[in-house]
Amino acid sequence: MSIFEELEWRGLIADCTDKVELQKKLTAPTVLYAGFDPTADCLHVGNLVPLIALRRFQLCGHHPIALAGGATGSIGDPSGKSQERQLLTKEVLDGNIASVKEQLKKLLDFETKTNPARLLDNATWTAPVSFLDFLRDIGKHFSVNQMIAKESVRARMEDRETGISYTEFSYMLLQAFDFYHLRKECNCELQIGGSDQWGNITAGIELTRKKMSAQVYGLTLPLIMNTDGTKFGKTAAGAVWVDAKKTSVYRFYQFWIRTDDRDAVRYLKIFTFLGREEIAALEQQHAEKPEARAAHKALAKAMTDLIHGENATAEAMRASEILFGGALEGISETTFNDIVGEVPTKELARTALDGAGTPLVEALVLSGLCPSKGQARKDIEGGGVNINNLREANAQRHVTAQDLLFGKYLLLRKGKRNYVVLTVK
RNA sequence: GGUAGGUUACCCAAGUGGCCAACGGGGGCAGACUGUAAAUCUGCUGGCUUACGCCUUCAAUGGUUCGAAUCCAUUACCUACCA
């Protein structure tokens, strides 16, 4: 199966230029790139798709380039807060690129001899160009008439409330310049990106053709949406990051486990490297016995393996089994210790448990499970709070030393899946 | 620069002197049912309080009034029309 057919099967092709020619081009190793904005020092699951797609190309023998938008990122989206943008100094951007590179190493192979991945920063070739030169050499090739016809621009121009700034209007020129530059310097012939990038990609294709009479190609990936219409990758706690310091391995694993039934198989295709047969088998199991959630588990395991490694995944799985497996009775301290490392943990002074102890409501606020005592009380009265996996409906309840597991842990839960361990110091 | 209109909780949005911590919808959280699902139903959704109740909120500041989200003045921001 060719890379193109594989992407098609996985539902990863939203649009592409000259399908026939592109497929022909991809029969031989090709250099391709995808860009990302280094606006944060960390990747989240939302911007994983193009990078995983790069990996798929790499596995098929192509040469991937991950392009950090050191230049484009510094311009960014002007509708955001101006302070925010100024804070993204060169140092910050460089720092972000450096830390993101570490994360990219998990996705792309930078070491292989045949077709190593590369990480480039468009600031290196954009920053030295003077405004005047840019206008003469690049701007000259763009027709404003065509630019305002692009969907991204037109939408903003029709939205009179927001409008579009000159800076943002120019964004596509910078991205087009990247593509042209990469074609010239690295013989890069394909750009992939999210479907919102279509206009920017075609701008680059046209610029390359005009400047060097070279044909390059574009391919866009669909914007991933949950079936229920919500944005993929967002939870109540915010984005799901690939850095374990920002999103614990357990939470990362849980994020995938909790995928909507209707999305599970689709996400297996989009995100994992599982083959056609494996996914077909999982799809069948999922259809026959959805409550077993075989597809969810495979998805969660594959993704956690990919990002955090198998050992960490095993621990997250063990913690999940314990927490959702039922009663804590008969659990060994060693096993429980596994959980402690996975779920959020807060410390509690031992003296707070002396005598009458601490009101449960306070413990809930301290743990971060409830935003206020009032809310904590309502949650308890609503039956949403468990101590050591046993429901506690009494809002007057105090927690004391007697509630401790193994003399030092207190397992609090709000709702079905929000756990916090309080550790006594 | 002129004129008119607007700014209410996470978002949308009612409220035009006391019955307003503020209708309704969305979102969110929790419960029942389940499979850590979907759909459905129920409760909650400013803070403190066991409770009676108290406190802080309707862009900001000052004022009128026994009493202000509501009236007046000033300021800031947004929108529309005009220049």
Side-chain angles (χ1 to χ4, degrees), chain A residues 79 81-83 156-163 165 225-240 247-268 282-283 285-301 303-304 316-328 339 342-344 356-362 364-387 389-398 411-420:
Chain A
S79 65
K81 296 176 183 71
S82 56
Q83 267 189 328
R156 291 285 296 277
M157 291 184 68
E158 281 168 4
D159 181 358
R160 306 191 65 157
E161 300 227 347
T162 340
S165 72
M225 289 290 288
N226 294 320
T227 300
D228 61 14
T230 55
K231 202 166 180 223
F232 170 81
K234 291 276 181 186
T235 66
V240 178
T247 298
S248 75
V249 179
Y250 165 78
R251 286 237 312 276
F252 187 86
Y253 179 83
Q254 282 289 319
F255 165 77
W256 295 101
I257 279 285
R258 292 178 44 213
T259 300
D260 190 302
D261 275 21
R262 295 167 291 181
D263 293 324
V265 171
R266 188 161 63 94
Y267 289 172
L268 277 171
L282 286 165
E283 184 167 15
Q285 287 177 47
H286 180 58
E288 285 170 1
K289 212 178 170 206
E291 68 274 19
R293 284 170 301 129
H296 299 73
K297 286 177 183 166
L299 175 65
K301 177 163 171 25
M303 293 314 292
T304 317
M317 287 171 72
R318 211 178 311 147
S320 295
E321 277 165 26
I322 295 164
L323 291 174
F324 293 101
L328 289 173
I339 306 177
E342 296 297 328
V343 305
T358 297
L360 175 57
V361 286
E362 275 182 30
L364 287 167
V365 173
L366 174 74
S367 71
L369 284 171
C370 301
S372 70
K373 288 201 220 168
Q375 188 58 50
R377 202 164 286 120
K378 284 167 188 161
D379 287 335
I380 297 170
E381 282 160 5
V385 171
N386 291 47
I387 300 176
N389 261 4
L390 294 173
R391 178 174 292 178
E392 180 55 63
N394 176 13
Q396 312 306 317
R397 174 79 139 81
H398 282 55
L411 180 67
L412 294 177
R413 185 180 107 205
K414 187 189 76 161
K416 273 183 181 132
R417 50 183 118 80
N418 307 300
Y419 285 95
V420 167

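Protein chains get the first letters and strands the later ones, always in sequence-line order, with residue 1 at the start of each. Because the structure is a prediction, the values reported are computed rather than measured.
- When distances are taken from the side chain of A:Arg377 to each of B:U50, B:C48, B:U36, the shortest belongs to B:U50.
- If you check every strand for non-hydrogen atoms under 4.0 Å, A:Arg391 touches sugar and phosphate atoms only.
- With hydrogens and angles ignored, a donor-acceptor pair under 3.5 angstrom links the side chain of A:Lys416 to the base of B:U34.
- A:Leu299 contributes atom CG, which lies 8.5 Å from atom OG1 of A:Thr304 (distance to the nearest 0.5 angstrom).
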Steps toward side-chain contact (heavy atoms from CB on, under 4.5 Å) verdict (A:Ile257, A:Lys297):
CA-CA 6 Å; A:Ile257 279 285; A:Lys297 286 177 183 166; 3.9 Å; yes
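- Residue A:Asn418 is classed as a sugar-phosphate contact, given heavy-atom separations below 4.0 Å to backbone atoms only.
- One can place CG of A:Leu364 at 16 Å from C1' of B:C44, the figure rounded to the nearest angstrom.
- No contact: A:Thr227 has no heavy atom under 4.0 Å from any strand.
- Taking every side-chain heavy atom of A:His296 into account, B:G35 is the closest of B:C44, B:U36, B:G35.
- With both ends at atom P, the span from B:C54 to B:G2 equals 47 Å, rounded to whole Å.
- Look at the C1' atom in both B:U45 and B:G26: the space between them is 13 Å, to the nearest Å.
- Among the heavy atoms of the strands lying under 4.0 Å from A:Gln254 is at least one base atom, whether or not backbone atoms are also near.
- Between A:Lys378 and B:U45, a side-chain N or O to OP1/OP2 separation shorter than 4.0 Å is present.
- Between the side chains of A:Asp260 and A:Tyr267, no donor N or O sits under 3.5 Å from an acceptor N or O.
- Summarising the geometry, atom CE belonging to A:Met303 is positioned 10.0 Å from atom CG belonging to A:Leu268; distances are rounded to the nearest 0.5 Å.
- Between A:Pro371 and A:Thr259, it is A:Thr259 whose nearest contact on RNA chain B lies nearer the 5' terminus.
- Nucleotide B:C77: paired with B:G6 (Watson-Crick or G-U wobble, both distances less than 3.5 Å).
- Here A:Lys373 reaches the OP1 or OP2 of B:U49: one of its side-chain N or O atoms lies under 4.0 Å away.
- Rounded to whole Å, the P atom of B:C52 lies 15 Å from the corresponding atom of B:C44.
- Using a 4.0 Å heavy-atom cutoff across all strands shown, A:Asp261 reaches at least one base atom of the nucleic acid.
- When Watson-Crick and G-U wobble pairs are counted only if both distances are under 3.5 Å, B:A39 pairs with no nucleotide at all.
- Atom NZ of A:Lys297 and atom P of B:U36 are 9 Å apart (whole Å).
- A distance of about 8 Å separates the C1' atoms of B:A13 and B:G25, rounded to the whole Å.
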Kindly determine whether A:Val240 and A:Arg251 satisfy side-chain contact (heavy atoms from CB on, under 4.5 Å), including the steps that lead there.
CA-CA 8 Å; A:Val240 178; A:Arg251 286 237 312 276; over 6 Å; no
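- Within residues 286-294 of chain A, the residues that place at least one heavy atom under 4.0 Å from RNA chain B are, in residue-number order, A:Pro290, A:Glu291, A:Arg293.
- Spacing between B:G15 and B:C71 at atom P, rounded to whole Å, works out to 12 Å.
- Nucleotides B:C33 and B:A38 are separated by 12 Å at their C1' atoms, to the nearest Å.
- In this entry the distance linking CG of A:Asn226 with P of B:A38 reads 11 Å, nearest Å.
- Distance, A:Arg262 CZ to B:G35 C1': 15 Å, rounded to whole Å.
- Separating the CG atom of A:Asp228 from the C1' atom of B:U40 is a distance of 16 Å, rounded to the nearest angstrom.
- If you take CG of A:Asn389 and P of B:U36, they are 13 Å apart, rounded to a whole angstrom.
- Here A:Leu390 contributes atom CG and A:Leu411 contributes atom CG; the two are 10.0 Å apart, rounded to the nearest 0.5 Å.
- A:Leu364 is listed as a side-chain neighbour of A:Ile380, based on a closest heavy-atom distance under 4.5 Å.
- Between the side chains of A:Tyr419 and A:Asn386, no donor-acceptor pair is found at a separation under 3.5 Å.
- Protein atom CZ of A:Phe324 is 12 Å distant from nucleotide atom C1' of B:G35, rounded to whole Å.
- Taking atom P in both B:U65 and B:U70, one finds a spacing of 16 Å when rounded to whole Å.
- Among A:Lys289, A:Glu291, A:His296, the one residue that satisfies the side-chain contact (heavy atoms from CB on, under 4.5 Å) test with A:Arg293 is A:His296.
- When each of B:A38, B:C29, B:U36 is scored by its nearest atom to the side-chain atoms of A:Asp260, the top-ranked nucleotide is B:A38.
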Produce a footprint string for nucleotides 52-58 of chain B: one letter per nucleotide, 5' end first; B if the base is under 4.0 Å from any protein heavy atom, S if only the sugar-phosphate is, - if neither.
-------
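- The shortest non-hydrogen separation linking A:Cys370 to A:Lys414 is SG-CD, 4.0 Å.
- A gap of 26 Å separates the C1' atoms of B:A22 and B:U75, to the nearest Å.
- For A:Ser248 and A:Glu342, the side-chain atoms include no donor-acceptor pair closer than 3.5 Å.
- Contact check, A:Arg258 against B:A37: no side-chain N or O comes under 4.0 Å of OP1 or OP2.
- The nucleotide B:C71 finds its pairing partner in B:G63, both defining distances of the Watson-Crick or G-U wobble pair being shorter than 3.5 Å.
- Base pairing analysis places B:C23 opposite nothing; no Watson-Crick or G-U wobble pair with both distances below 3.5 Å involves it.
- Rounded to whole Å, atom P of B:G47 lies 7 Å from atom CD of A:Gln375.
- Under the 30°/60° scheme for interplanar angles, the aromatic rings of A:Trp256 and A:Phe232 are found to be tilted.
- Toward the 5′ end of RNA chain B lies the nearest nucleotide of A:Arg413, the other residue of the pair A:Arg413 and A:Val365 mapping further downstream.
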